[in-house]
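Below: one structure, written as structure tokens.
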Amino acid sequence: MREVGTIAKIQTEYKAHPLMILSYLKPYIFVLLIPAAQGLISYLMHGGLTTLIVGESITAAVILALSVVKFLRCRLVLGGERIIVTGGVLLRVRSVIPTDKISSTFIRTGPLLRLTGAVEVRLSTEAGRPGKPDFKMILPRSVAPDLYALFPPDMGTVVQFHPPAKRLIIMAAATSNSATGLLIAAPIISHTGKLLGAGMTELVYGTLNEVVSGVENPAGLLIPPIAGYIALAFLVGFGVSFFISVFKNLPFRMTRRGNNLTVVAGLIMKRHIRFQIGMVNSISIQQNPIMMFLRRYNVSISIAGYGGDYKGRETAMIIPAAQSDEVYALCGGLFPQIRPQPLRLRHPDCALRKFCTPPVIWMGVIPALAGLLSLWAAHFSDLIWFLAIVAEGINLVYIAVCVRKSRRGGLSIGEEVCAFGAWLFNLVELHCSDDNLGVLRVTEYPWDRRNHLCRVKLSVRSEHAESLNIPFLETQAVLQALREKYGLL
């Protein structure tokens with residue numbers, strides 16, 4: 001680290017930590033570096049050098065050399081009300097970002113990072129690529145105080161929120177995704193098998209076979225054999241996703257000091273996220289069917305660099321599993337700009353029929369389709385009817401969601417935009433300031449005009465461009481609200 005003088009202020013320059021080389025090599029470890037190393041070891045022990053081993057070794061050496069060059073050129077300069085990031089290999093890239101344009105700073109520590117005196121740093125702005133931090137670096141631990149100083153604490157109100165472990169477990173159980181878990185688990189099993197030999201992979205799948213076979217005996221009359229494998233796959237995926245969610249978020253602590261908010265989550269892999277409340281684009285109060293049954297809500301925020309993006313393994317949760325009578329109290333304490341207000345544009349009585357018509361039709365289509373498929377593929381008839389029963393159960397849950405949407409849905413347009421709609425099975429109450437509203441689209445479909453209805457889609461002006469659909473609102477009422485607010489139409 002060295003000091004660089006400038007006309008305005010002294011700037012502090014940080015060089016990348018040597019662990020940065022490993023981050024550059026990470027995508028190639030299993031597909032190139034390990035095979036090349038195994039080939040060289042085999043050559044040294046048994047002889048028999050091949051063209052493939054030579055090609056892999058040369059390619060690995062080139063990638064390693066480029067990674068070292070990128071590491072040597074990576075710099076972060078703080079000071080003078082701006083951040084400067086330099087890097088590149090053949091072309092020297094120099095990025096200058098005013099500090100007031102930084103949406104959030106993300107600092108992560110872990111066992112290896114602590115042992116080597118390093119931290120992983122991510123800097124994000126609203127101008128970056130969706131789902132990616134603008135800059136991701138591994139730097140010496142001494143950079144942390146200077147990064148925290150980008151959002152210095154003020155003399156405003158101090159509010160702390162430290163939810164108990166029970167709430168985080170409920171949140172993880174209600175939001176874990178089997179597909180995400182399988183996407184994470186499958187590569188781990190595959191790569192472990194490559195490192196330890198094929199026997200490891202065969203052992204894992206053999207164990208799963210024994211589990212399914214053991215369950216089939218008592219449940220064979222109710223669950224077809226193939227369905228057992230499907231159910232086990234979903235259960236494994238859910239378990240992996242649940243474990244990762246709890247592991248990443250427990251414990252969870254949030255502190256608001258004036259206009260600055262700091263989130264600290266995780267025990268072993270600890271994350272520090274800091275941002276200004278004024279940079280938050282929108283706030284979503286969400287409830288899926290499980291949370292409906294428990295009468296709890298998850299509250300998430302939209303801000304570049306926090307949640308919902310990094311390979312789908314992190315959510316933008318800010319208040320987990322809040323009870324219905326404390327949602328607005330917690331939101332108001334952390335985000336003073338959020339004020340509960342009545343929805344002025346509500347669904348008319350005929351909206352209930354329109355919401356429920358598609359799932360009611362599917363109630364009849366599913367058994368009819370299952371009957372046809374079972375005739376066409378008689379050998380799989382047990383599996384087809386089992387999946388049809390599962391589909392009917394899911395459809396019943398969707399009908400309950402539709403009823404709730406028709407009763408609670410609506411829209412309010414003013415200094416703060418408040419909308420209640422749904423993302424598939426999730427009910428969502430979206431709050432954003434009028435300044436952060438990017439697009440408000442009113443669509444009239446031919447089959448809705450008979451009832452004088454329209455569909456409104458809100459899009460937030462942000463990196464992720466969160467959107468919410470509110471169907472079946474009265475057209476004239478929506479147009480009148482837009483005339484009063486914006487003088488349009």
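- Using a distance-only test at 3.5 Å, with no hydrogens or angles considered, no donor-acceptor pair links the side chain of Trp423 to the main chain of Asn469.
- Annotation: side chain of Glu444 is not in contact with side chain of Leu453 (no heavy-atom distance under 4.5 Å).
- The two residues Lys270 and Gly266 come nearest to each other via the heavy atoms CE-O, 3.8 Å.
- Taken to the nearest 0.5 Å, the CG atom of Leu294 stands 7.5 Å off from the CD1 atom of Ile290.
- For the pair Lys405 and Phe355, the cation-pi criterion (under 6.0 Å, within 45° of the ring axis) is not fulfilled.
- Taking every heavy atom of both residues into account, Ala174 and Asn288 meet most closely at O-ND2, 2.6 Å.
- Atoms CG and CG, on Leu267 and Asn249 in that order, are 12.0 Å from each other to the nearest 0.5 Å.
- The pair Glu326-Arg167 meets the salt-bridge criterion, since a charged nitrogen lies less than 4.0 angstrom from a carboxylate oxygen.
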Handout entry: salt bridge (charged side-chain N to carboxylate O under 4.0 Å, His left out) assessment of Glu13 paired with Lys15
Key = CA-CA 7 Å; Glu13 180 180 282; Lys15 298 179 180 179; over 6 Å; no
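- Annotation: side chain of Val428 is not in contact with side chain of Ile285 (no heavy-atom distance under 4.5 Å).
- Counting heavy atoms of neighbouring residues, nucleotides and ligands inside a 6.0 Å radius, atom NZ of Lys485 exceeds 12 of them.
- Contact record, Cys356 with Val403: SG-CG2, 4.0 Å, taken as the closest heavy-atom pair.
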Handout entry: Steps toward side chain to side chain contact (heavy atoms under 4.5 Å, CB included) verdict (Leu479, Arg483)
Key = CA-CA 6 Å; Leu479 297 182; Arg483 291 190 192 99; 4.0 Å; yes
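- Evaluated for a side-chain contact (heavy atoms from CB on, under 4.5 Å) with Ile318, the options Ile303, Val280, Val299, Ile283 yield exactly one hit, Val299.
- Annotation for Ser302 and Glu466: closest pair OG-OE1, 2.9 Å, computed over non-hydrogen atoms.
- More than 12 heavy atoms of other residues, nucleotides or ligands lie within 6.0 Å of CZ in Arg449, so this atom counts as buried by the packing criterion.
- Residue Arg295 holds its CZ atom at 9.5 Å from CD of Gln323, rounded to the nearest 0.5 Å.
- Although no hydrogens or angles enter the test, the distance criterion places a donor-acceptor pair under 3.5 Å between the side chain of Asn395 and the main chain of Pro359.
- Between Glu126 and Asn281, some side-chain heavy-atom pair lies under the 4.5 Å cut-off.
- The side-chain heavy atoms of Tyr14 and Ser142, taken from C-beta on, include a pair separated by under 4.5 Å.
- Taking each heavy atom of Leu468 and Ala419 in turn, the nearest pair found is CD2-O, 3.8 Å.
- Side-chain N/O atoms of Gln160 and His162 include no donor and acceptor closer than 3.5 Å.
- In this structure, His17 contributes its side chain and Leu113 its backbone to no donor-acceptor pair below 3.5 Å.
- Between Tyr148 and His272, the angle of the ring planes lies from 30° to 60°, which puts this pair in the tilted group.
- Atom NZ of Lys457 is separated from atom CZ of Arg441 by 5.5 Å, given to the nearest 0.5 angstrom.
- Shown here is Asp325, whose CG atom has more than 12 heavy atoms of other residues, nucleotides or ligands within 6.0 Å.
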Exercise for the section: Take Gln480 and Glu484 through the side-chain hydrogen bond (donor to acceptor under 3.5 Å, both in side chains) test and state the conclusion after the steps. Expected result: CA-CA 6 Å; Gln480 181 61 30; Glu484 293 175 359; 3.2 Å; yes
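- Arg271 places a side-chain N or O within donor-acceptor distance of the main-chain N or O of Lys248, the cut-off being under 3.5 Å.
- Looking at Met254 and Leu261, their side chains come closer than 4.5 Å, going by heavy atoms from C-beta outward.
- No side-chain donor-acceptor contact under 3.5 Å links Arg274 to the backbone of Phe106.
- For the pair Thr125 (side chain) and Ser103 (backbone), a donor-acceptor distance under 3.5 Å is absent.
- Side-chain atoms of Arg75 never come within 3.5 Å of backbone atoms of Val85 as a donor-acceptor pair (strictly under, hydrogens ignored).
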Problem - Residues Asn426, Val401; criterion side chain to side chain contact (heavy atoms under 4.5 Å, CB included); working and verdict - result: CA-CA 8 Å; Asn426 293 329; Val401 172; over 6 Å; no
Practice task
For the pair Ile470 and Phe420, evaluate side chain to side chain contact (heavy atoms under 4.5 Å, CB included) and give the outcome as yes or no after the intermediate values.
Solution key: CA-CA 7 Å; Ile470 308 97; Phe420 189 100; over 6 Å; no
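- Judged by distance alone, the side chain of Asp434 and the main-chain N or O of Glu416 form no donor-acceptor pair under 3.5 Å.
- Using a 4.0 Å cut-off between a side-chain N of Lys or Arg and a carboxylate O of Asp or Glu, Asp448 and Lys354 qualify as a salt bridge.
- Counting heavy atoms from C-beta outward, Leu458 and Leu411 have side chains that approach closer than 4.5 Å.
- Between the CG atom in Leu139 and the CE atom in Met20 there is a gap of 7.5 Å [rounded to 0.5 Å].
- Residues Ile301 and Phe275 meet the side-chain proximity criterion, which asks for heavy atoms closer than 4.5 Å.
- With values rounded to the nearest 0.5 angstrom, His452 atom NE2 is found 8.5 Å from Thr475 atom OG1.
- No donor-acceptor distance shorter than 3.5 angstrom exists from the side chain of Arg114 to the backbone of Val119, with no hydrogens or angles considered.
- Two residues are said to be in side-chain contact when any heavy atoms from C-beta on lie closer than 4.5 Å; Glu429 and Gln287 fail this criterion.
- Between the side chain of Ser245 and the main chain of Phe242, no donor-acceptor pair closer than 3.5 Å is present.
- Other residues, nucleotides and ligands contribute at most 12 non-hydrogen atoms within 6.0 Å of the OH atom of Tyr28.
- Taking the six-membered ring wherever Trp is involved, the centroid distance between the rings of Tyr398 and Phe425 falls below 6.0 Å.
- Of all the heavy atoms in Thr99 and Arg82, the pair that sits closest is CG2-N, 3.5 Å.
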Exercise for the section: Start with the C-alpha distance between Ile83 and Ile102, add both sets of side-chain angles, then the distance that settles side chain to side chain contact (heavy atoms under 4.5 Å, CB included), and finish with yes or no. Expected result: CA-CA 9 Å; Ile83 294 176; Ile102 298 293; 4.0 Å; yes
